[in-house]
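Here the structure is a predicted model, which means the values were calculated and not measured.
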Amino acid sequence: MKTIYFDSETTGLEPFSDRITLIQTYYDGKIRFNKPKPENITRLKNLLETTLVVGHNLKFDLKFLKHHFNIEPTHLFDTYIAEVLISGGQKAGQKGASTLETVAWDYAGIKLKKDQDMRQSFKGRELTQEQIEYAAMDVAVLPEIHAKQQIQLKKLCLEKVFATEMSCIPATVWLELSGTPIDLDGAQKLEKETRGKLELSRLNVLTILKQSGYRNLDLEGMPAVNLNSPAKLLKALKDIGLELASTNVSTLSAMKHPAGKALKEYRKHQKLLNTFLEKLPKHINPATGRIHANFNQYGTLPGRFSCSRPNLQQLPKDKNIRALFKGNNGSKIITADYSQIELRILAEVSKEPKFLELFNSGGDLHKLTASLIFNKQLDHVSKEERNIAKTINFGISYGMGGGRLQANLKDNGIEISPDEARKYIDTFFKNYPKVKEYLDNAGQSAVRNSQIRNIAGRLIKYRPATNESERADILREGKNNPIQSLNADILKGAMGRLYHRLKTHEIRLINIVHDELVFEVPGEHAETASLIVKEEMEAAGREYLKSVPVIAEVKVGDVWQK
DNA sequence: AGTCCCTGCGCG
DNA sequence: AAAGCGCGCAGGGACT
């Protein structure tokens with residue numbers, strides 16, 4: 001396939017309000033400058049959609065191309081993502097670590113000048129000779145970077161993961177341009193309600209402090225304490241005889257004093273109001289009436305997406321919040337998530353016979369763990385015993401200790417002794433010896449080599465440990481990262497597949513949350529689309545999970561579901 | 001006013 | 001706070 005080196009200049013960062021001023025291409029030994037005039041578009045579309053397009057952070061340019069000209073290249077080589085991948089994820093989420101300037105210097109020894117003044121200057125109507133020379137350099141430098149990165153990717157055996165990443169870019173463009181619909185009226189109503197509850201809970205806390213003898217009062221005779229300051233709060237609690245190590249939820253839960261419960265209530269409303277209800281409406285794009293968050297495809301060390309402005313991956317599961325995300329004009333929302341994907345991955349990589357048997361027979365792993373730990377028949381396991389097992393299944397596998405297990409359970413209203421906690425952990429590993437063997441090996445190899453791979457071949461590098469504490473960190477990360485990162489590869493694979501199957505029929509990808517895809521679909525296509533979503537998500541999982549079934553649970557409704 | 005770190009907490 | 005891992009965001013507080 002023919003290779004085109006590609007870049008574009010725009011008047012700003014926002015595809016809905018800014019425009020492309022220049023498209024630079026470099027092929028057949030010639031740099032070309034294209035003004036985005038109507039007579040050029042058909043030729044450009046044909047060119048870019050039938051060639052390998054090489055560029056730096058293509059998501060940015062592709063959003064403009066798709067939105068303004070309906071140009072959708074799909075054969076891609078992104079030198080930005082390549083750079084993060086080659087670094088073993090170390091450059092993920094690090095500002096400036098993989099800019100074109102940095103990469104051009106590292107691979108080609110070329111200093112690109114792309115300061116703020118230059119960027120501003122592209123807003124002008126006509127480009128100066130100097131500007132054109134700078135714009136030319138941006139594509140002229142690409143062939144050498146491309147060639148050297150190809151060698152690196154091959155040397156590090158990263159070609160397959162890289163292909164997955166490239167297949168995901170058009171889906172990410174689709175996701176960011178789609179945006180997420182939000183019910184503004186509903187959000188404002190909920191904000192008002194929550195504001196009322198916050199004020200009540202604030203007065204409740206202050207009253208309790210006063211009744212407990214707190215003496216530092218304000219002009220109205222109420223305790224003068226900033227409840228939002230952990231340091232000040234700690235002091236205030238000390239003044240009424242409560243010596244605490246922290247003011248976090250676990251500590252508050254353990255308190256007998258009524259201030260604990262009251263503060264938890266206050267915190268809940270505070271978080272809901274200040275982080276979500278007050279902020280989400282500010283992110284609505286005036287051009288589309290929707291929220292277009294920034295999804296960073298390689299935003300984390302193990303290769304997961306990160307999301308910001310706003311972070312749509314951390315919205316509360318609270319039903320009232322999720323219900324704010326509903327389809328426009330009667331469209332349906334498809335919520336699709338992988339069932340227990342990380343535990344299935346652990347089964348696959350450890351080949352633990354009890355895990356494999358369980359998943360292949362469609363059983364309940366938490367129940368099985370409970371029956372083994374408490375030495376009971378499966379149908380005699382109580383709800384509480386299953387909950388303990390669930391905490392263990394999710395936590396212990398990644399190095400959680402007895403103390404933490406005890407505390408986690410306590411947060412769920414289950415009290416056990418330190419001896420019991422230790423015994424549960426021992427019993428877990430005794431019953432699942434291959435899980436123990438896999439996790440021990442993974443952790444030790446991560447420490448020994450300062451890197452580890454998942455079974456898709458993705459590389460995760462660590463800064464070599466310089467002390468015992470860092471060594472312990474890598475030991476734990478090495479157990480978790482290959483599992484978490486394979487989850488990311490599976491999701492990216494599913495996104496790439498679904499982009500090709502669903503981009504038509506006005507179907508929009510509106511959110512992704514690590515093991516979950518959310519779509520907005522016109523009612524008449526909802527049932528068909530949900531079948532395709534399930535089919536492709538499971539097929540993406542089966543590319544790596546050969547010993548256990550992969551199950552995607554797909555729901556169709558009016559709103560985003562839990 | 002901007003930057004950094006800390007505590008705390010939302011999600012998978 | 002605790003030997004789970006991965007993130008982003010808010011508010012406080014110290015600093016320049």
Side-chain angles (χ1 to χ4, degrees), chain A residues 89 92-93 225-234 244-254 263-264 266-280 282-283 293-296 298-318 321-322 337-338 340-343 346 391-411 418 421-422 425 428 439 442-443 446 452 460 462 468-485 487-488 491 511-517 560 562:
Chain A
V225 184
N226 182 351
L227 299 184
N228 299 330
S229 166
K232 301 278 170 61
L233 182 59
L234 216 51
L244 303 175
S246 154
T247 70
N248 64 21
V249 173
S250 303
T251 312
L252 298 179
S253 297
L263 275 165
K264 281 201 294 180
Y266 172 83
R267 283 257 176 81
K268 197 179 80 189
H269 299 311
Q270 171 81 5
K271 180 82 177 178
L272 207 57
L273 189 66
N274 290 14
T275 307
F276 303 108
L277 293 173
E278 281 185 356
K279 296 300 184 301
L280 287 174
K282 292 192 203 297
H283 288 283
N294 173 50
F295 287 88
N296 188 355
Y298 207 147
T300 74
L301 178 72
R304 270 191 182 176
F305 273 85
S306 68
C307 178
S308 61
R309 290 171 291 124
N311 182 354
L312 296 178
Q313 298 184 321
Q314 56 165 179
L315 296 171
K317 287 166 82 174
D318 180 325
I321 298 273
R322 297 282 164 127
D337 69 299
Y338 284 110
Q340 300 196 333
I341 188 68
E342 291 209 348
L343 288 170
L346 182 57
T391 304
I392 295 174
N393 279 339
F394 284 131
I396 302 275
S397 314
Y398 310 125
M400 184 171 69
R404 180 70 176 250
L405 172 61
Q406 199 190 344
N408 269 0
L409 290 173
K410 194 167 181 176
D411 288 349
R422 222 167 301 123
I425 297 171
F428 176 94
L439 292 170
I452 195 160
I460 301 147
Y462 306 102
E468 201 44 45
S469 152
E470 286 175 6
R471 214 183 72 89
D473 288 346
I474 297 175
L475 197 65
R476 282 192 303 276
E477 287 159 3
K479 295 174 183 182
N480 170 267
N481 287 170
I483 293 170
Q484 189 186 120
S485 73
N487 182 0
L491 192 84
N511 201 0
I512 59 159
V513 197
H514 308 309
D515 65 350
E516 175 182 359
L517 300 174
W560 185 16
K562 207 240 89 178

Residue A/N311, side-chain atoms from C-beta onward, closest of C/dG6, B/dG10, C/dA2: B/dG10

Audit row: A/S253, A/K410, side-chain contact (heavy atoms from CB on, under 4.5 Å) steps and yes/no: CA-CA 8 Å; A/S253 297; A/K410 194 167 181 176; over 6 Å; no

Watson-Crick or G-U wobble mate for B/dG10, both contacts under 3.5 Å: C/dC7

A/R304 vs B/dG12: side-chain N/O to OP1/OP2 distance below 4.0 Å: no

N or O in side chain of A/S246 less than 4.0 angstrom from B/dG8 OP1/OP2: yes

Stepwise side-chain contact (heavy atoms from CB on, under 4.5 Å) test for A/L252 and A/R267: CA-CA 11 Å; A/L252 298 179; A/R267 283 257 176 81; 3.7 Å; yes

A/K271 vs C/dG11: side-chain N/O to OP1/OP2 distance below 4.0 Å: no

Touch class at under 4.0 angstrom, heavy-atom based, for A/E477 against every strand present: sugar-phosphate

Sugar-phosphate only, base, or nothing, as touched by A/L301 at under 4.0 Å among non-hydrogen atoms: sugar-phosphate

Whole-angstrom distance between B/dT7 and C/dA1, as gauged at atom P: 7 Å

Short side-chain N/O contact from A/K479 to OP1 or OP2 of C/dA3, under 4.0 Å: no

First encountered from the 5' end of DNA chain C, between A/P310 and A/P302: A/P302

Chi angles and distances behind the side-chain contact (heavy atoms from CB on, under 4.5 Å) call for A/E516, A/Y338: CA-CA 6 Å; A/E516 175 182 359; A/Y338 284 110; over 6 Å; no

Value in whole Å for how far the C1' atom of C/dG4 lies from CG of A/N480: 8 Å

Out of C/dG6, C/dG11, B/dG10, whichever nucleotide has its closest atom nearest the side chain of A/P316: B/dG10

Presence of A/S308 side-chain N/O under 4.0 Å of C/dG8 phosphate oxygens OP1/OP2: no

Touch class at under 4.0 angstrom, heavy-atom based, for A/A407 against every strand present: base

Pairwise C1' distance, C/dA3 and B/dC5 [rounded to whole Å]: 23 Å

side-chain contact (heavy atoms from CB on, under 4.5 Å) between A/F428 and A/L405, intermediate numbers included: CA-CA 13 Å; A/F428 176 94; A/L405 172 61; over 6 Å; no

Nucleotide nearest A/Q314 (side chain, heavy atoms from C-beta), chosen from C/dC9, C/dA10, C/dG12: C/dC9

Sugar-phosphate only, base, or nothing, as touched by A/L315 at under 4.0 Å among non-hydrogen atoms: sugar-phosphate

Value in whole Å for how far the P atom of B/dC9 lies from NZ of A/K279: 17 Å

A/L439 CG to A/L346 CG distance, which is reported to the nearest 0.5 Å: 5.5 Å

Within-4.5 Å side-chain heavy-atom neighbours: A/L263 and A/L233: yes

Sugar-phosphate only, base, or nothing, as touched by A/S229 at under 4.0 Å among non-hydrogen atoms: sugar-phosphate

Point-to-point distance, once rounded to the nearest 0.5 Å, from CD1 of A/I396 to CD1 of A/I425: 3.5 Å

A/I396 CD1 to C/dA2 P, straight-line distance once rounded to whole Å: 17 Å

Presence of A/N274 side-chain N/O under 4.0 Å of C/dG11 phosphate oxygens OP1/OP2: yes

A/F394 CZ - B/dG12 C1' separation (whole Å): 10 Å

Touch class at under 4.0 angstrom, heavy-atom based, for A/N481 against every strand present: sugar-phosphate

Atom pair distance, as rounded to whole Å: CD in A/Q270 and P in C/dG12: 8 Å

N or O in side chain of A/T275 less than 4.0 angstrom from C/dG8 OP1/OP2: no

Closest nucleotide among B/dG8, B/dG12, C/dG4 to the A/V513 side chain: B/dG12

Under-4.0 Å side-chain N/O to phosphate OP1/OP2 contact, A/N408 with C/dA2: no

Atom-to-atom span, CE of A/M400 to C1' of C/dA2 - whole angstrom: 10 Å

Contact under 4.0 Å: A/R476 side-chain N or O vs C/dG4 OP1/OP2: no

Separation of atom CG in A/D515 from atom P in C/dG6, rounded to whole Å: 18 Å

Charged N-O contact under 4.0 Å between A/E342 and A/R304: yes

Sugar-phosphate, base or nothing in reach of A/T247, heavy atoms under 4.0 Å: sugar-phosphate

Sugar-phosphate only, base, or nothing, as touched by A/N226 at under 4.0 Å among non-hydrogen atoms: sugar-phosphate

Toward the 5' end of DNA chain C, by each residue's nearest nucleotide, A/F305 or A/T251: A/T251

Atom-pair distance (CZ on A/R267; P on C/dG11), nearest Å: 13 Å

